Amino acid sequence: MDKIISFNNRTFQNIFKSGKSYGNKLLVIYYVSNGLDYNRLGITVSKKNGNSVVRHRVKRLIKESYRLNDKKFVKGYDIIFIARVGIENSSYCEVQSALKHLMKKNNLLEK
RNA sequence: UGAGUAAGUCAGAUGAUCGCCGGUACAAAACCGCAAGGUUGUACGGGAGGAAAGUCCGAGCUCCGUAGGGCAGGGUGCCGGGUAACACCCGGUGGAGGCAACUCUAAGGCAAGUGCAACAGAAAGCAAACCGCCACCAAAAUGCUUUGCAUUUUGGCGGUAAGGAUGAAACGGUGAGGUAAGAGCUCACCAGCGGAUAGGUAACUAUUCGGCUAGGUAAACCCCACCUGGAGCAAGACCAAGAACGGACACAAAAAGGCAACUGCCCGUUGCUGUCCAAUGGUAGGUCGCAUGAGUUUACUGGCGACAGUAAACCUAGAUAGAUGAUCAUCUAAUACAGAACUCGGCUUAUAGAUUUACUCACAUA
RNA sequence: CGAGGUGUAGCGCAGUUUGGUAGCGCACAUGGUUUGGGACCAUGGGGCCGAAGGUUCGAAUCCUUUCACCUCGA
């Protein structure tokens, strides 16, 4: 199992500027091709979602959803997920299906 | 059985798979970084709370110039005890509430001084009198038994604070005597003040005597007693790397003056300092601080209790964008408030549900 | 994590020290002025002073607790 690789603040800004975006009720995705043979993942949870414990739980849920479905995804992209308000009341199942839905819509799932 | 009071306990459990954080042992000598340093794999065992919260108090610890004296400022405030300390806790006293179990209580001093009380009311502390009540004097009117007496009205000069009206509050309260009318003027009871005696470490309580009166407000200034230097782990220490340390004028030194993380002022004390110009570093480096402590559990002893002492056993999170989650199964009442960030002792606030013990009242039965 | 500050009308602010009437500007409504509008003039409405307790006869103000928001500290 590969470790989940993150990136620095400058890369975040670049992806927000140049990446493609798409959203559903719980999540927003930004992604851009990075020219590498692995994916890099970033997660943003706003202060509006709750205090630090709630935010961290949301981060873990997203990370877990990504990790367990890692092998199904196309490699070579930088991906950012943004949590929208309301996600803090959702269960793991809902988060996972929302994430899969976004990946499928953007053709990042391997056949 | 119902209603209630007080003190506690628990805060899902077990198993399986995957994942996160750090510890120990072994392995590897590869990777990242200029360096200080960090990273990897396997095995073993560990990993949030009763409030971890609010940051409202108190301490340890660290630095600030020595941590000194006085004033100011701030805090506490019935009494005694506990504690490292406290605004906390325990036991008691007074007051308030409740049928009761019991609960609540910032509860020193307005008889040191100053201030305040809108509106209303005559008057809101210092003795005064608006409507009143009463005596005396004068005038007028009326009546009668006509040198006079009685009643009423008006004016004057006094006595009084019973009654009325206002207000949150009106100069002790109620009753009786007393008086021209009244008044602690006198008496009884009650409240309050001062003294004595007895009990108690004390707050205070009980009894008794005295003089009859001293308004409220100190979470108003203030007085009294006691306490109090400031900032905070982003405190602070070490390591690594990098940058700068220049010029002009004046010049013996000292003094004076100035500057200095310490809320204000004064004194004392320490260090630096001739003036001007120019220039420079930094906000994502690493390690420690950082988990053995006023520690936890059990037993015994002392104490009404808070707590203290002795002995034995135990080691129980330590991150630095910040660790506890996901899925399945079984049991179940299990769904609340909520997540350590230097560490303790308290307080306050939030909180689903389950459960234990003691006690009070009401009803029923025996 | 620590330290500090602010909550008053739709918006921006006074008033809190020293407790008794809640005020100012803009905005809003009505009327006047103008051919009409703007500007201007006059009048008016709108507040349980962030929330809950306490002290007091009486609290925006004093005390305690609590909830939001903002600023600063390597």
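In this text, all values refer to a predicted model and were calculated from it rather than measured experimentally. Hydrogens, waters and symmetry mates play no part in the numbers below; they use all other heavy atoms, side chains included. First the proteins, then the strands, lettered A, B, ... as listed; each starts at 1.
- Nucleotide G125(B) is shown with a syn base, its glycosidic torsion being within 90° of 0.
- Base orientation of A48(B): syn, since the glycosidic angle falls within 90° of 0.
- Glycosidic conformation of G295(B) is anti; the angle lies outside 90° of 0.
- Nucleotides A9(C) and G19(C) are separated by 23 Å at their C1' atoms, to the nearest Å.
- In this structure, U5(B) shows a glycosidic angle more than 90 degrees from zero, which is the anti conformation.
- Here Tyr22(A) contributes atom OH and Asn106(A) contributes atom CG; the two are 7.5 Å apart, rounded to the nearest 0.5 Å.
- Nucleotides G65(B) and A260(B) place their P atoms 13 Å apart, quoted to the nearest Å.
- Nucleotides G54(B) and G346(B), compared at atom C1', are 14 Å apart to the nearest Å.
- If you take atom C1' in G318(B) and the same atom in U324(B), they sit 15 Å apart, rounded to whole Å.
- A syn base is found at A214(B): its glycosidic angle is within 90° of 0.
- In secondary-structure terms, RNA chain C builds stems of at least 3 consecutive Watson-Crick or G-U pairs, each pair having both distances under 3.5 Å, at C:1-7 with C:67-73, C:10-13 with C:23-26, C:28-32 with C:40-44, C:50-54 with C:62-66.
- Atom CG of Leu102(A) is separated from atom OH of Tyr31(A) by 10.5 Å, given to the nearest 0.5 angstrom.
- For the atom pair NE2 of His101(A) and CG of Leu27(A), the computed distance is 11.0 Å after rounding to the nearest 0.5 Å.
- Between C130(B) and A165(B), the two C1' atoms lie 10 Å apart (nearest whole Å).
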